[in-house]
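Every value quoted in this text rests on a predicted model; they were computed, and no experiment measured them. First listed ligand is number 1; within each ligand, the first listed atom is number 1. Sequential numbering from 1 along the given sequence is applied to the chain's residues.
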Amino acid sequence: MSMFCFQCQEAAKGIGCTIKGVCGKTSDVANLQDTLLFVLKGISWYNEKLRVQKLNPAKVDKFVFDGLFSTITNANFDKESFSKRIIKALQLRSELHSRCLAANIRLPKNHPDFAAWKGSTVEEFENKAKEVGILSTENEDIRSLRELVIYGVKGLAAYAEHAWNLGKSNDDIFAFMQRALVATTEDLAVDELVTLTLETGKYGVEVMALLDAANTETYGNPEATKVNIGVRNNPAILISGHDLKDMEDLLQQTEGTGVDVYTHSEMLPAHYYPVFKKYDHLVGNYGNAWWKQTEEFERFNGPILFTTNCIVPPKSNAGYTERIYTTGASGLEGAIHIADRIDGKMKDFSEIIEHAKRCAAPEQIESGEITGGFAHAQVFALADKIVDAVKSGAIRKFFVMAGCDGRMKSRGYYTQFADQLPADTVILTAGCAKYRYNKLPLGDIGGIPRVIDAGQCNDSYSLAVIALKLKEVFELNDINDLPIAYNIAWYEQKAVIVLLALLSLGVKNIHLGPTLPAFLSPNVANVLMENFGIGGITEVEQDLEMFLETSVL
Ligand code: SF4
Ligand code: SF3
């Protein structure tokens with residue numbers, strides 16, 4: 001075994017990747033990620049103590065969430081970026097140690113290893129992972145819960161970073177993230193870890209609310225929008241990932257240059273925001289969910305900008321490798337990395353824009369339009385219509401089918417499920433899971449589309465707000481009395497925080513697929529099943545029958 005990782009839905013054999021990631025992550029990168037996480041725990045340990053005295057430097061929060069974000073599935077495959085991060089992390093940890101000493105903060109005589117260990121070569125960094133990686137926790141239930149918390153915290157980190165980029169932050173969220181990291185090293189019992197898991201979910205709701213406020217206050221409330229999926233005849237840049245600030249900087253810098261911009265995968269919802277609609281050269285959405293990029297990028301012809309996950313490392317003979325750019329927490333060996341903003345100025349996208357000018361226009365792979373933009377404000381604007389449709393029986397049930405897409409064949413389930421849902425049901429979605437059914441001709445119910453797309457995975461927050469509003473309108477005591485079923489597809493750690501957020505809001509009976517997480521031990525899976533009614537999926541027909549059994553208010 002040269003590595004161990006089981007953080008995503010594609011973990012090898014449903015157990016874990018041990019030689020190389022199914023995602024393409026090499027064992028050296030996986031090990032460096034483990035060591036980075038280990039040092040981030042050390043940083044958090046010192047910073048917690050400084051925070052109590054209000055002496056914690058603000059730069060630590062960004063360093064920690066950015067470091068965590070870089071370890072999310074498919075975000076960063078660049079070995080050098082991780083070794084540099086570890087060097088910086090060790091320096092920062094040592095600075096925090098000095099600050100503690102200077103402030104006379106009492107530290108235990110024997111510092112925990114994550115606060116004391118030092119290394120200086122890449123080899124040492126990689127070797128350390130063998131001692132401190134996931135399997136260093138022997139008890140499988142404790143390991144399972146610790147990792148569940150860590151993956152939730154990684155999701156928190158991603159959303160905190162997007163909000164931070166738009167000038168919004170919340171100290172309580174940062175404090176929790178760091179406290180939770182340290183708590184995963186402590187001798188907590190199973191029930192204490194379960195409590196910590198639910199607390200992680202509570203902060204999940206907070207961070208998604210924060211990001212929602214950041215997005216809508218900066219770019220307006222998403223509006224119902226038809227997005228073109230065809231192409232024009234200009235050279236163009238494809239922008240992928242979730243970061244809307246990068247989107248804005250790119251649109252401003254490409255304006256008037258003759259270079260068009262297309263969104264890819266999770267950037268599709270950018271089209272729904274009023275501020276982005278004013279850019280005529282934001283032409284449409286190109287392609288499908290992230291995992292299809294290996295075929296679709298060849299045909300795009302222009303450069304591709306990854307602002308976050310999901311990157312698929314290109315094959316050695318791929319024709320588009322030299323067209324890939326990364327920025328923020330994302331990274332890929334061989335790709336050009338665009339540096340962070342300095343002093344609040346825009347990122348400098350001139351290199352990718354010049355690159356685009358040398359390229360041919362994209363090849364058309366699809367034509368037509370897809371509809372989206374139904375975040376909470378737009379749905380509230382349609383509330384009367386929706387409530388009437390529920391009351392009249394025109395809408396029998398809503399199905400939350402948010403989450404992620406992935407390459408597993410069994411995900412065809414979600415296309416079939418959407419297709420076979422009765423005509424008096426509506427799908428509520430967010431995240432890249434929608435690509436499994438957002439191009440099906442599912443029609444509408446009296447003008448209400450049968451697929452209501454709120455936006456990116458973090459906009460699952462909107463779906464929760466909508467559910468809470470419906471609960472109020474129908475004067476129900478329990479969110480679970482609504483005619484809403486949850487059939488969620490998961491892939492990476494942002495889906496973990498979305499799931500934990502829903503649990504913390506009291507949502508029960510969430511079905512998760514296409515497989516249950518490899519990191520859930522049988523006992524932990526049982527706790528989730530017994531207390532929250534979490535379940536997996538079976539066959540489409542069987543599941544439809546089960547979900548439709550209880551559907552009336
Ligand atoms: Fe395997 Fe997923 Fe980890 Fe990649 S992120 S190494 S596919 S478990
Ligand atoms: Fe998708 Fe990667 Fe999760 Fe943001 S882009 S939902 S998988």
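Ring-plane geometry between Phe276 and Tyr279 is classed as tilted, the angle between the planes lying from 30 to 60 degrees on a 0 to 90 degree scale.
Atoms of ligand 1 lying under 4.0 Å from any heavy atom of Ala11, numbered from 1 in the order shown and given with element: 8 (S). Near Cys310, the atoms of ligand 2 lying under 4.0 angstrom from a non-hydrogen atom of the residue are 2 (Fe), 5 (S), 7 (S). Interface of Met3 with ligand 1, defined as ligand atoms under 4.0 Å from a residue heavy atom, comprises 6 (S). Listed by number with element, the atoms of ligand 1 under 4.0 Å from a non-hydrogen atom of Gln7 are 5 (S), 8 (S). When each atom of ligand 1 is checked for a heavy atom of Phe6 under 4.0 Å away, the hits are 8 (S). Atoms of ligand 2 found under 4.0 Å from any heavy atom of Asn309, numbered from 1 in the order shown, are 2 (Fe). Less than 4.0 angstrom separates some heavy atom of Trp290 from each of these atoms of ligand 2: 2 (Fe), 7 (S). Shown in contact with Tyr491 at under 4.0 Å from a heavy atom are these atoms of ligand 2, numbered in order with element: 7 (S). The ligand atoms of ligand 1 that sit less than 4.0 angstrom from a heavy atom of Cys17 are 1 (Fe), 6 (S), 7 (S), 8 (S). Heavy-atom contacts of Cys457 reach the following atoms of ligand 2: 4 (Fe), 6 (S) (cutoff under 4.0 Å). Which parts of ligand 2 touch Glu492 is read off a 4.0 Å heavy-atom cut-off, strictly below it: atoms 3 (Fe), 6 (S), 7 (S).
Open room surrounds CD on Glu80; 12 or fewer heavy atoms of other groups in view lie less than 6.0 Å from it.
Taking backbone and side-chain atoms together, Cys23 has an N/O/S atom less than 2.8 Å away from atom 4 (Fe) of ligand 1. Taking 2.8 Å as the criterion, Cys8 counts as a coordinating residue of atom 2 (Fe) of ligand 1, since one of its N, O or S atoms falls below it. Atom 1 (Fe) of ligand 2 has Cys432 among its coordinating residues (N/O/S atom, backbone or side chain, under 2.8 Å).
Remark: distances from the non-hydrogen atoms of Lys20 to ligand 1 are all 4.0 Å or more. Distances shorter than 4.0 angstrom occur between a heavy atom of Glu266 and an atom of ligand 2.
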Please report the C-alpha distance between Arg143 and Glu140 in whole Å, then the side-chain angles of each, then the deciding distance to 0.1 Å, and finally whether the salt bridge (Lys or Arg N to Asp or Glu O under 4.0 Å) criterion is met.
-> CA-CA 5 Å; Arg143 184 198 303 148; Glu140 68 165 355; 5.2 Å; no

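The residue from Tyr320, Phe297, Tyr325 that alone fulfils the side-chain contact (heavy atoms from CB on, under 4.5 Å) condition with Pro303 is Tyr325. Tested against Leu499 for a side-chain contact (heavy atoms from CB on, under 4.5 Å), the candidates Ile488, Val507, Ile534 yield a single pass: Ile534. For the ring-ring contact (aromatic ring centres under 6.0 Å, His included) test with Tyr491, the passing option among Tyr414, Trp290, Tyr151, Tyr435 is Trp290; the others fail.
Between Phe125 and Phe82, the ring center distance fails the sub-6.0 Å criterion. Ring centers of Phe547 and His511: under 6.0 Å apart, within the cut-off.
Annotation: atom 5 (S) of ligand 1 to nearest protein heavy atom, Thr73 OG1, 3.3 Å. When only non-hydrogen protein atoms are considered, atom 3 (Fe) of ligand 1 lies nearest to Cys5 SG, 2.3 Å. Summary of contacts: the protein heavy atom closest to atom 6 (S) of ligand 1 is Gly21 CA, 3.4 Å.
Scanning all heavy atoms of the two residues, the minimum distance from Leu196 to Phe176 falls at CD1-CE1, 3.9 Å.
One side chain, Asp28 or Thr26, offers a donor N or O that lies under 3.5 Å from an acceptor on the other.
By the 4.5 Å heavy-atom criterion applied to side chains, His162 and Gln456 are not counted as neighbours. Contact annotation: the side chain of Ile239 never approaches that of Phe349 to less than 4.5 Å [non-hydrogen atoms, C-beta and beyond].
Looking at His242 against ligand 2, only its side chain comes within 4.0 Å, counting heavy atoms. Heavy atoms of Glu492 found under 4.0 angstrom from ligand 1: none, in either backbone or side chain.
Looking at Asp66 and Arg85, a side-chain N of the basic residue comes within less than 4.0 Å of a carboxylate O on the acidic one, giving a salt bridge.
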